[in-house]
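Below is one structure, written out as structure tokens; comments come after it.
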Amino acid sequence: DPVAAIQAALPHLSTNGSIVVADFGPMSGWGPARRGIRWWLDKHAVKPVHSLLASIPGTVTTSHACHLGYSSITRIQTPPC
């Protein structure tokens, strides 16, 4: 469960620390490399999670529609003290 893992890690970050999650999305612009990279991500249980991350307090998502097909870069920051 990626959300539970991130929530468990947040208290262990230093002040103003953050976790950054790159969500690869459909990788539509990766051409022939897409198949091999998707195989590797699937083999290592890497799945798109950006829709789940919105439930975590402190989440700031920046969506990207770049030529490589990233769907989002998400930064989850520790709550201010």
Side-chain angles (χ1 to χ4, degrees):
D1 177 17
V3 173
I6 291 168
Q7 288 175 328
L10 282 171
H12 301 284
L13 294 175
S14 62
T15 303
N16 298 322
S18 62
I19 296 170
V20 177
V21 178
D23 193 335
F24 288 90
M27 298 187 294
S28 56
W30 290 59
R34 177 185 181 272
R35 191 176 203 176
I37 294 168
R38 177 52 57 199
W39 171 85
W40 187 90
L41 292 170
D42 288 343
K43 181 170 178 53
H44 295 282
V46 177
K47 304 287 183 209
V49 295
H50 78 271
S51 62
L52 303 174
L53 299 177
S55 67
I56 301 172
T59 299
V60 176
T61 299
T62 304
S63 294
H64 294 275
C66 71
H67 67 285
L68 294 179
Y70 288 106
S71 64
S72 70
I73 304 294
T74 301
R75 178 179 303 268
I76 303 161
Q77 297 183 300
T78 58
C81 293

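Start at 1 with the first residue, then count along the sequence.
- The ring pair (Phe, Tyr, Trp, His ring centres under 6.0 Å) check on Trp40 picks up His44, with sequence neighbours excluded.
- Considering only heavy atoms from C-beta on, Val20 stays 4.5 Å or farther from Ile76 through its side chain.
- Residue pairs meeting the salt bridge (Lys or Arg N to Asp or Glu O under 4.0 Å) criterion with at least one partner in residues 32-42, sequence neighbours excluded, are Arg38-Asp42, Asp42-Lys47.
- In this structure, His12 has no ring pair (Phe, Tyr, Trp, His ring centres under 6.0 Å) partners at least two apart in sequence or on a different chain.
- Side-chain contact between Gln7 and Ile56 is present, with at least one heavy-atom pair separated by less than 4.5 Å.
- A heavy-atom distance below 4.5 Å is not found between the side chains of Val3 and Ile6.
- The minimum heavy-atom distance linking Ala9 with Ile19 is given by the pair CB-CD1, 4.0 Å.
- When every heavy atom of Pro11 is checked against every heavy atom of Ala8, the shortest pair comes out as CD-O, 3.3 Å.
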